[in-house]
Every structure is written in C-alpha cells, then in structure tokens.
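To keep things clear, I will list the structure first and then write my remarks on it.
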Amino acid sequence: QVQLVESGGGLVQPGGSLTLSCAASGFAFSMNAMSWYRQAPGKEREIVAFINWSGGITNYADSVKGRFTISRDNPRNTVFLQMNSLKPEDTAVYYCNTMSRYWGQGTQVTVSS
C-alpha cells in the first residue's frame, strides 16, 4: 500500500533552516507529482509546495516563495522541502501528499526563540 513517511522536523530559531524529507513506497513514485502541506493549530491545512513527476515544474504558496525549495530524488523515492529564513508563522505540522489522497503522518516544525 502507499506509504509516506516524513522526517526532519524540529525546533528552530527564527531565521534558521530545516530540511524535511518524505520517503515514499507502494506506488510508482517517479510517475507522480508530490506536494507538501502544513497545518497550524486552529487553522486549515494549506498547500505549501508542489513538484511534478520529473522535478521540472514546481509551485509555491506566496507565503513561502523565495524561502522554501521543493525537490525530489526519484531513484531514492524521496521528496524534500528545504526551508530557509524560517518565521514563527511557519510553525505547523508538515505533511507529504500524493495523488491528492495519500498522506503521511506529519512532522512538527516549531519556529521559536
């Protein structure tokens, strides 16, 4: 079955960086687009970044443009989210998603001094 396992979250100071990873299995990873979403306490889940099957097309939420970078390693069935210049408002649980219906368990990112 489809499995998505996120890792790399943690506590970081404002202005810091983190890289999230999502290890995928159970489907044709290299043929499917991948997305990162996040959900902050009391807020709805929102899309953060999208990458197509080849990595040639990426899109970002306006709130993270210029600070976050999504990438993928198809031979390793892994998608990444490099997050720089982190702000307190980036605090959320970050989720990996594919085919609009499969989700990982999420990884907590907390930006605080």
Side-chain angles (χ1 to χ4, degrees):
Q1 72 275 22
V2 174
Q3 281 197 316
L4 301 171
V5 180
E6 301 96 335
S7 62
L11 173 64
V12 62
Q13 292 189 342
S17 298
L18 279 176
T19 299
L20 307 183
S21 300
C22 172
S25 61
F27 67 104
F29 178 82
S30 62
M31 297 176 65
N32 283 276
M34 301 294 297
S35 299
W36 283 97
Y37 284 72
R38 68 185 180 187
Q39 187 166 20
K43 294 189 177 181
E44 292 191 355
R45 194 171 296 190
E46 63 175 356
I47 190 166
V48 173
F50 164 92
I51 188 166
N52 78 329
W53 65 274
S54 69
I57 297 174
T58 57
N59 284 308
Y60 299 92
D62 287 344
S63 58
V64 307
K65 274 181 187 174
R67 300 188 298 122
F68 290 11
T69 302
I70 189 171
S71 62
R72 64 190 297 156
D73 184 340
N74 282 348
R76 291 173 54 194
N77 284 7
T78 304
V79 63
F80 303 97
L81 187 68
Q82 172 69 43
M83 306 185 294
N84 297 326
S85 303
L86 283 160
K87 305 175 181 180
E89 51 264 45
D90 294 319
T91 295
V93 179
Y94 284 71
Y95 298 91
C96 187
N97 172 275
T98 190
M99 291 179 266
S100 300
R101 65 175 189 262
Y102 296 107
W103 299 91
Q105 82 289 349
T107 186
Q108 176 72 47
V109 172
T110 303
V111 185
S112 175
S113 54

Heavy-atom neighbours of Glu89 CD exceed 12 at 6.0 Å:
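Counting neighbours around CD of Glu89, more than 12 heavy atoms of other residues, nucleotides or ligands fall under 6.0 Å, so yes.
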
Close side-chain approach of [X] and [Y], heavy atoms under 4.5 Å:
{"X": "Gln82", "Y": "Ser17", "result": "yes"}
{"X": "Phe50", "Y": "Thr58", "result": "no"}
{"X": "Met99", "Y": "Phe27", "result": "yes"}

Any cation-pi pair here, Arg45 with Tyr95, using under 6.0 Å and within 45°?
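Yes, a cation-pi geometry.
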
Salt-bridge criterion met for Lys87 and Asp90 (N-O under 4.0 Å):
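Looking at Lys87 and Asp90, the cut-off is not met.
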
Between Val79 and Cys96, is a side-chain contact (heavy atoms from CB on, under 4.5 Å) present by the stated rule, with each step listed?
CA-CA 8 Å; Val79 63; Cys96 187; 3.8 Å; yes

For the pair [X] (side chain) and [Y] (backbone), establish whether a donor and an acceptor sit closer than 3.5 Å, ignoring hydrogens and angles.
{"X": "Arg67", "Y": "Ser63", "result": "yes"}
{"X": "Asn97", "Y": "Trp103", "result": "no"}
{"X": "Ser112", "Y": "Thr110", "result": "no"}
{"X": "Thr19", "Y": "Gly8", "result": "no"}
{"X": "Gln39", "Y": "Glu46", "result": "no"}
{"X": "Asn77", "Y": "Ser25", "result": "no"}
{"X": "Thr107", "Y": "Gly9", "result": "yes"}

For the CD atom of Gln108 and the CD atom of Glu6, what is their distance to the nearest 0.5 Å?
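The distance works out to 12.0 Å.
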
Criterion side-chain contact (heavy atoms from CB on, under 4.5 Å) against Val109, the qualifying member of Leu11, Leu81, Leu18
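Answer after filtering Leu11, Leu81, Leu18: Leu18.
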
Hey, which of Thr91, Leu20, Ile47, Val64 is the one that makes side-chain contact (heavy atoms from CB on, under 4.5 Å) with Arg38?
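The single option meeting the side-chain contact (heavy atoms from CB on, under 4.5 Å) with Arg38 is Val64.
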
Let me see the working for Phe80 and Asp73 under side-chain contact (heavy atoms from CB on, under 4.5 Å), right down to the final yes or no.
CA-CA 8 Å; Phe80 303 97; Asp73 184 340; 4.0 Å; yes

Between Asn32 and Thr98, is any side-chain donor less than 3.5 angstrom from a side-chain acceptor?
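No - no donor-acceptor pair under 3.5 Å links their side chains.
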
Applying ring-ring contact (aromatic ring centres under 6.0 Å, His included), name anything that partners Phe29, two or more places apart in sequence or on another chain.
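Checked Phe29 against ring-ring contact (aromatic ring centres under 6.0 Å, His included); zero matches.
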
Look at the aromatic rings of Phe68 and Tyr94 and report parallel, tilted or perpendicular, splitting at 30° and 60°.
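Plane angle between 30° and 60°, so tilted.
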
Do Val93 and Tyr102 belong together in a cluster built from hydrophobic side chains that touch within less than 4.5 Å?
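No.
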
Please say yes or no: joined through hydrophobic side-chain contacts below 4.5 Å, possibly via intermediate residues, are Met83 and Tyr60 part of one cluster?
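Yes, because Met83 and Tyr60 connect within a single hydrophobic cluster, where side-chain heavy atoms sit under 4.5 Å apart.
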
Stepwise side chain to side chain donor-acceptor pair (under 3.5 Å) check, Asn74 with Arg72
CA-CA 6 Å; Asn74 282 348; Arg72 64 190 297 156; 2.7 Å; yes

With side-chain contact (heavy atoms from CB on, under 4.5 Å) as the criterion, how do Leu4 and Met34 come out once you've worked through the C-alpha distance, each side chain's angles and the decisive distance to 0.1 Å?
CA-CA 11 Å; Leu4 301 171; Met34 301 294 297; 4.0 Å; yes

